[in-house]
There are 2 protein chains.
Amino acid sequence: MNSIKELFINRYGLSPENFDLFYSNITEVTRSKGEEIISKGEIHHSVYFIKKGAVRSYYINADGKEITYWFGFEGDVIASLGNFVESKPSLETIELLEDVELWKIDRSKLLDLYNTNIELANFGRQLAEIGLLEMEQQILLNQVTDAKTRYLSLIEKHPQILQRVKLGQIASYLGITQVTLSRIRAQK
Amino acid sequence: MNSIKELFINRYGLSPENFDLFYSNITEVTRSKGEEIISKGEIHHSVYFIKKGAVRSYYINADGKEITYWFGFEGDVIASLGNFVESKPSLETIELLEDVELWKIDRSKLLDLYNTNIELANFGRQLAEIGLLEMEQQILLNQVTDAKTRYLSLIEKHPQILQRVKLGQIASYLGITQVTLSRIRAQK
DNA sequence: GGATTCTTTTTACATATGTTAAATTGTAGG
DNA sequence: CCTACAATTTAACATATGTAAAAAGAATCC
């Protein structure tokens, strides 16, 4: 175990007892760079927490191009929201950018915990609410600032991202082509 | 009361008893077009559900321009997420586009309910998770599709939006200028 | 109903971004 | 160390979008 435990306890206010209850339902797994942990079109029955490593979530657009729209790092949650919330096939693919250590839990087991333990239910609520806040900030950032600013704030937030993620993937995340990203990088 | 009750019971799986408990903490209020229900820089202590009417959430960018990034209609939740989740001053302003009927509840009262009633805690969790799914879809839509497609899908989703919202606000929501929106509208 | 104000569209021009392809640089394997 | 392949940058051109200002169209008020 490790710092995720502290994250759970400090950030989400879980008591040690209920953390242990939660953790007793976790399986620790490792997966290799390049693997897909969630694949487009499929139904998945697990939710993951990233203990170590980096992942990306991408969508294939009408032209067949991969559009990266989320990067996940240590402490983040991996789930296909369409899957989890509405039991629909996943629209996105989640791919491992590095070798990854994960905490895995069954969706149905997690829902059981939520429905029987009020502290865990509120843990799940806060998990979702913090995700909401982060997503809102991303929507705002995408709408308010230009690609150059977003690029700079991305590398400020994740200083090692340039070593971990290819520029083409970062460009699609920023909503621009790789050529434009190269021009931005050449500027400063 | 009205169709929001059915929404709560059918969509979020609330039992009638717990809906009544929730509703006993609600104050029904009406506000007039043009008012600000949440203002930038302030701390707010309420959460609202839209019974009738339309609102928009906007942010003022570095050039002093209002950037609309969310429209809310019947059934939607109004809260400053930064306020609600992290007790920080609101970055956004929420303005009423029409005369509006709202359900109002104190943030602290809502948290009390979440912490004492497991069904309501899971109601709150689902509220946030469904919001997550919607936001993810918007992020995806913004990244994958061009402004014209997004414009068409917006009026498909909210057919009356052109009667309720000004084009300049829709343009900023789409991330383009009003001139470009006019060109798009002239095309088809 | 006419004047005033607000909203939307159109025009002309400058600039930024996309596209395609070539050149360069970096990386991994034998 | 060399080769082959992958990733990134650069170049040239076409297109789309932004800016600023004017024109046209709607709505409001007296």
Item checked: chain A contact limits on DNA chain C, taken 5' to 3' with a cut-off of 4.0 angstrom to heavy atoms -> C/dT17 to C/dT20
Notebook entry, point to check: Looking at CD of B/E119 and CG of B/N18, how far apart are the two atoms once the value is rounded to the nearest 0.5 Å?
Noted result: 4.0 Å
Note to self: What is the separation between atom CG on A/L97 and atom C1' on D/dA7, rounded to the nearest whole Å?
What the structure shows: 15 Å
Notebook entry, point to check: Honestly curious: do B/I43 and B/F84 fall in one hydrophobic cluster under the side-chain, below-4.5 Å linking rule?
Noted result: no
Notebook entry, point to check: Are A/L110 and A/F22 close enough that some pair of their side-chain heavy atoms sits under 4.5 Å apart?
Noted result: yes
Check: Which residues pass the side chain to side chain donor-acceptor pair (under 3.5 Å) test with A/R150, sequence neighbours left out?
Finding: A/N142
Notebook entry, point to check: So what does B/L181 touch, heavy atoms closer than 4.0 Å: a base, only the sugar-phosphate, or nothing?
Noted result: nothing
Notebook entry, point to check: Listed in order of residue number, which residues of residues 166-174 of chain A have a non-hydrogen atom at under 4.0 Å from DNA chain C?
Noted result: none
Next item on the list: Starting at atom CD of A/Q178, determine the distance to atom C1' of D/dA7, rounded to an integer number of angstrom.
Entry: 7 Å
Note to self: I'd like to compare against my own output: the B/S/- annotation of nucleotides 20-25 of chain D with a strict under-4.0 Å heavy-atom distance to protein.
What the structure shows: B-----
Next item on the list: Any chance you could measure A/R125, atom CZ, to B/Y114, atom OH, to the nearest 0.5 Å?
Entry: 6.0 Å
Note to self: Between B/R107 and B/L111, is there a side-chain heavy-atom distance shorter than 4.5 Å?
What the structure shows: yes
Check: Just wondering, do B/L96 and B/K33 contact through their side chains at under 4.5 Å, heavy atoms?
Finding: no
Checklist line | Contact list for residues 29-48 of chain B, test ring pair (Phe, Tyr, Trp, His ring centres under 6.0 Å), sequence neighbours left out | finding: none
Check: Given atom NZ of A/K33 and atom P of D/dA6, what is their separation to the nearest angstrom?
Finding: 14 Å
Note to self: Rounded at 0.5 Å granularity, tell me how far CD1 in B/I139 sits from CD in A/Q138.
What the structure shows: 4.0 Å
Side-chain atoms of residues 70-81 of chain A: list all donor-acceptor pairs with protein atoms under 3.5 Å, sequence neighbours left out, distances to 0.1 Å.
residue	atom	partner	partner atom	Å
A/E74	OE2	A/G53	N	2.8
A/E74	OE2	A/R164	NH2	3.3
A/D76	OD2	A/F73	N	2.9
A/S80	OG	A/N83	N	3.3
A/S80	OG	A/S90	OG	3.4

Note to self: So, applying ring-ring contact (aromatic ring centres under 6.0 Å, His included) with A/Y23, which one of A/F49, A/W103, A/F8 is it?
What the structure shows: A/W103
Next item on the list: Determine: side-chain N/O of B/T180 to OP1/OP2 of D/dG18, distance under 4.0 Å, yes or no.
Entry: yes
